[in-house]
Asks: 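Take this structure, written in structure tokens, and hold onto it; I'll ask about it next.
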There are 2 protein chains.
Amino acid sequence: MTEEEQVLIHCLYFTASRFARNITKLAENTLDGGDLAPSYLYMIMIVKFNPDITQKELCTKLSIAPSTSTRFIDKLEKQKLVNRKADGKQTFISLTEEGEKVYDRFRASLKEMFARYSDVLGVDFSLDLSKKLHEASNKLEKEL
Amino acid sequence: MTEEEQVLIHCLYFTASRFARNITKLAENTLDGGDLAPSYLYMIMIVKFNPDITQKELCTKLSIAPSTSTRFIDKLEKQKLVNRKADGKQTFISLTEEGEKVYDRFRASLKEMFARYSDVLGVDFSLDLSKKLHEASNKLEKEL
DNA sequence: TCCAAACATTTGTATATACAAATGAAAATG
DNA sequence: CATTTTCATTTGTATATACAAATGTTTGGA
């Protein structure tokens, strides 16, 4: 292993941010979100499985800043894909009918994306990597 | 496993982009790059181990767009951390003395960052994850 | 030898995302 | 109950990053 690679495997920031750029490009090319970028689909997916989720909880599950969540929801609301229900300090988010349809389209196109990358990386490798990233995010989110 | 998690582990885009945000935040807080964001340190690291690298090669190794590389190098050159050597179509990049110093400072602070996250994730898990992300990026970069 | 095609870099512009400060609402405490 | 504290969201602003078009350079035919 070269010294360069030694440094790389000791810096998860380097390897993770590069990988994120690669997989984002693939997602932009293969996920069907109409005119929505993949990150909006991520939010829609989370809302789908957590109806009436608060904005704060969304921030945690997506690891985004509160200000980012405001802007994302603004856009999704304008497109009538989600509803905001303000109650005191909190805001609750849920999908509209139209939002459910976008989710279903995304869900179908996800198969295609999975096929594309697991063809290159291997199915087991891909599932394992994704699971590890998920676990790791939860731990970092909680303990840092 | 919940249905939400089933979707997550089938979508590397979701898990990788969230993880990248988490680890980026940690990197911003712990890596010592003076006033440079972590992504600039990544570029400096690659140049350190590949003196006189072309811009195109940098783009491949970092998985960034050519326009992004131009802007990064503009900034690093303005701070006298790298040199541009134009030759025909290509541009060759190398570190200045000052750039080497920035690398050395980064290198020292990397130990701290590694300690922070491997404390939460485990040393073996962290090294393994980083290695897998590195391999996966190389494959996606080559075959997609 | 000249032109067309290929290629690397740069510039114009748009967007996802962040942080810090501002706002608005609830809860706690005297 | 009145006021301070705490908390969730929003707004102002900055930056990393991308794509598409423009520019500049080389190379391979005709």
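Lettering of chains follows the sequences in order, A, B, ..., and the numbering in each one begins at 1.
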Asks: Only counting residues at least two apart or in another chain, list the ones meeting side-chain hydrogen bond (donor to acceptor under 3.5 Å, both in side chains) with A/Lys111.
Replies: none
Asks: Could you list the residues that satisfy side-chain hydrogen bond (donor to acceptor under 3.5 Å, both in side chains) with B/Gln55, not counting sequence neighbours?
Replies: B/Ser69, B/Thr70
Asks: Looking at A/Lys139 and B/Asp119, is any side-chain nitrogen of the basic one under 4.0 Å from a carboxylate oxygen of the acidic one?
Replies: no
Asks: Ring centres under 6.0 Å, that's the criterion: do B/Tyr117 and B/Phe19 meet it?
Replies: no
Asks: Under 4.0 Å between a side-chain nitrogen and a carboxylate oxygen: does that hold for A/Glu98 and A/Lys101?
Replies: yes
Asks: Take atom CG of B/Asp87 and atom C1' of C/dT9, then tell me their distance rounded to the nearest Å.
Replies: 13 Å
Asks: Going 5' to 3' along nucleotides 9-18 of chain D, which nucleotides have protein heavy atoms under 4.0 Å from the base (write B), which only from the sugar-phosphate (write S), and which from neither (write -)?
Replies: SBBBB--SSB
